[in-house]
2 protein chains.
Amino acid sequence: MKNSPTELRFTEVSQLTSAIPRAKSNNSPCAACEVRHLAVCSALQDEELKLLDEIVRFVDLSAGDSLFDEGEPAANVYNLTSGTIKLYKLLPDGRRQVTGFLFAGDFLGLAASEDYIYSAEAVTPVSLCKFSRSDLDILMEKAPQLERRLLSLARYELAEAQDQILLLGRKTAKERIASFVLMLSERAVRRGEQDNPVSIPMSRNDIGDYLGLTTETVSRTLTRLRSSRAIVMESDRKVTLVERQVLEEIAEGF
Amino acid sequence: MKNSPTELRFTEVSQLTSAIPRAKSNNSPCAACEVRHLAVCSALQDEELKLLDEIVRFVDLSAGDSLFDEGEPAANVYNLTSGTIKLYKLLPDGRRQVTGFLFAGDFLGLAASEDYIYSAEAVTPVSLCKFSRSDLDILMEKAPQLERRLLSLARYELAEAQDQILLLGRKTAKERIASFVLMLSERAVRRGEQDNPVSIPMSRNDIGDYLGLTTETVSRTLTRLRSSRAIVMESDRKVTLVERQVLEEIAEGF
DNA sequence: CGATACATTGAGGTTTATCAATTTGTGTGG
DNA sequence: CCACACAAATTGATAAACCTCAATGTATCG
């Protein structure tokens, strides 16, 4: 079993966020959810949360575990309550594109049509709330504001996807890496964590597959940003953004 | 004035689709709309179409005209009834990423938040139905199935965006071009046009900015596909897919 | 503490971009 | 309707960015 400080920390967080609601399961775990304010569930009132309680199931995964694979029937949607997940697509020869990373509070399953259009795998230990799509469809009838919330989420994800398209189509390696560490920082803030230093839960290989680069280019580019004093690597998986303004200008292509 | 065969054809189509509904404007232009079955409007019943009639405004643009620019307040949404539009983002030094092309029946404005997150420009002469977002919000109250339709559209666009992310992050120039001509063909079919030969309304430069390549690479890659007998260029702006199966295998990375 | 996976660094190659010239096509005006 | 002007597309030569292959270093985990 993995006992590194990093992994241990994630395990603890996981136990925390899932243990609390589950302890009072007779008493609405969803109402007590620590990440509810971040999640789709924020659209629901107390009454509707009770309906959620009836259909939610909890899932825990270890780092590296697969949640589902591209092409499988999209039977379920999820809310991530702790940890990090990566979504990815594969080409037949093994080339991989990570289409997104999910963190606590993120919803998983919006882009799903009949089948999942990407695979999902735990990057760290994760805890999830799982809903069958049929249950959720029934709930949406009773709670139309849930549909509005999903539309708003979809719009937000579309905007993010277009930023990623700009990044992949036109930005240099340096610009991509700067954009990436800033994105990590902004998303940490959004879920109430410190913005600096930023934890990097995923490997260099995952970062490369997300940014359309190789592991080696990611590593070299981080080294160059380090040499230029824009960042400091506290460890492989933790970075301090020393010159945020400079990083933002690099990221935007100035 | 533009008198080439190509431009003339587009002008004629434009007059057709816009003239018919406008001629019976007392009698529900939206009900008579030729592209309604393709558009968001297909979600609406006769009664609701009359509400649409009250808030719709018609817009025509010439090739090259701008519809709106990134950063402007997103006051309106649109339905494209004929012609082709490109959406794009710019970096400060002028690098451009085309994030999508729109054809007849396509909806424009889903990803809009407070402000437009991309610029929109007519590639050919176009006709559009224009709705103010506030009017549409009111209509959505009366016709909740419109919201459901938009969510379904957003899901579809998200899936498309992820395919584009895979293309930009991991596919070679040859794979990108093959994917592109197949996409053009598939979208032509969806709106009831012939699947082969396929008309290419946009310039090599626009194609490059969409696929993350330069004009020159687009041109060279088309030449190579032509040499390998997978395609035949009927003209600069029209391509016959000779070996569709081969193109599909190239596009998917086999 | 040793084994293993991950990250970094280096040398060299490939793809695609850049710069430049030519060809082709399109639109305008005579 | 034809010729000229201008824009778009193609082709070629060279360069740069990034990838590939390989070796070394470093952190992690049993």
Side-chain angles (χ1 to χ4, degrees), chain A residues 1-11 62-64 91 93-97 123-125 167-177 200-209 211-227 231 233-239 253, chain B residues 1-11 62-64 91 93-97 123-125 167-177 200-209 211-227 231 233-239 253:
Chain A
M1 191 199 151
K2 296 171 183 177
N3 279 324
S4 75
T6 304
E7 296 296 353
L8 196 60
R9 185 164 45 74
F10 275 102
T11 305
S62 304
L91 290 171
D93 63 359
R95 278 174 289 173
R96 191 172 58 159
Q97 178 64 37
V123 169
T124 65
L167 179 148
L168 292 170
R170 288 301 180 215
K171 288 190 187 177
T172 65
K174 190 176 172 189
E175 291 162 355
R176 293 179 200 203
I177 296 288
I200 305 176
M202 65 290 291
S203 71
R204 299 289 187 269
N205 195 38
D206 287 343
I207 297 172
D209 284 347
L211 299 178
L213 303 169
T214 58
T215 307
E216 295 92 329
T217 299
V218 170
S219 182
R220 279 187 249 270
T221 307
L222 281 171
T223 300
R224 277 187 218 116
L225 284 176
R226 196 150 32 89
S227 308
I231 60 170
M233 297 301 301
E234 306 302 342
S235 74
D236 278 4
R237 302 297 180 100
K238 184 175 286 190
V239 63
Chain B
M1 187 196 156
K2 294 170 183 178
N3 280 324
S4 75
T6 303
E7 294 298 352
L8 197 60
R9 184 165 45 75
F10 275 103
T11 305
S62 304
L91 289 172
D93 63 357
R95 278 174 289 172
R96 190 173 58 159
Q97 178 64 37
V123 169
T124 65
L167 179 147
L168 292 170
R170 288 301 181 218
K171 289 190 184 176
T172 65
K174 189 176 174 188
E175 290 162 357
R176 293 177 200 203
I177 295 289
I200 304 177
M202 65 292 290
S203 70
R204 299 288 186 271
N205 194 39
D206 286 344
I207 297 173
D209 284 346
L211 299 178
L213 304 169
T214 59
T215 307
E216 295 92 329
T217 300
V218 171
S219 181
R220 279 188 249 270
T221 307
L222 282 170
T223 300
R224 278 187 216 116
L225 283 176
R226 194 150 31 89
S227 309
I231 61 171
M233 297 301 303
E234 307 301 343
S235 73
D236 278 4
R237 303 297 181 98
K238 185 175 284 189
V239 63

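Chain identifiers are assigned alphabetically (A, B, ...) following the order of the sequence lines, protein sequences preceding nucleic acid strands; residue numbering begins at 1 within each chain.
The main-chain N or O of R95(A) is found under 3.5 Å from a side-chain atom of D93(A) such that the two form a donor-acceptor pair.
We find that CD1 of I177(A) is positioned 12 Å from P of dA7(C), with the value rounded to whole Å. Atom CZ of R176(B) is separated from atom C1' of dT15(C) by 11 Å (rounded to the nearest Å). Straight-line distance from the CZ atom of R204(A) to the P atom of dA5(C): 18 Å, rounded to whole Å. Rounded to an integer number of Å, the gap from L225(B) CG to dT10(D) P is 12 Å. For the pair M233(B) CE and dT24(C) P, the computed distance is 15 Å after rounding to whole Å. Here dA9(D) presents its P atom at 11 Å from CE of M202(B), a figure rounded to the nearest Å. The interatomic distance linking I200(B) (CD1) with dA9(D) (P) rounds to 10 Å, in whole Å. D93(A) places its CG atom 14 Å from the C1' atom of dT20(D), with the value rounded to the nearest Å.
The shortest side-chain heavy-atom distance between E234(A) and V239(A) does not fall under the 4.5 Å cut-off. Taking 4.5 Å as the limit, every side-chain heavy atom of V218(B) sits out of range of all side-chain heavy atoms of R176(B). Taking 4.5 Å as the limit, some side-chain heavy atom of R204(B) sits within range of a side-chain heavy atom of L222(B).
Legend: residues meeting side chain to side chain donor-acceptor pair (under 3.5 Å) with T223(A), ordered by chain and number and at least two apart, are R226(A). Applying the side-chain contact (heavy atoms from CB on, under 4.5 Å) criterion to S62(A), with sequence neighbours excluded, gives D65(A). Applying the side chain to side chain donor-acceptor pair (under 3.5 Å) rule to R96(B) yields the partners D206(B), D209(B); only residues at least two apart in sequence or on another chain are considered. Taking the side chain to side chain donor-acceptor pair (under 3.5 Å) definition, one finds that T215(A) meets it with N205(A), sequence neighbours left out. Every residue meeting the side-chain contact (heavy atoms from CB on, under 4.5 Å) condition with E216(A), not counting sequence neighbours, appears here in chain and number order: T214(A), R220(A). Checked against side-chain contact (heavy atoms from CB on, under 4.5 Å), T221(A) has the following partners two or more places apart in sequence or in another chain: A173(A), K174(A), I177(A), T217(A), R224(A).
A heavy atom closer than 4.0 Å to some atom of DNA chain C occurs in T172(B), A173(B), these being the qualifying members of residues 168-175 of chain B. Near DNA chain C, meaning a heavy atom under 4.0 Å from it, residues 212-224 of chain B has G212(B), L213(B), T214(B), E216(B), T217(B), R220(B) in order of number.
Here R237(A) reaches the OP1 or OP2 of dA7(C): one of its side-chain N or O atoms lies under 4.0 Å away.
Axis angle across the helix from dC1(C)-dG30(D) to dG30(C)-dC1(D), with five pairs used at each end and values rounded to 10°: 40°.
The minimum heavy-atom distance linking I207(A) with M202(A) is given by the pair CG1-CG, 3.6 Å.
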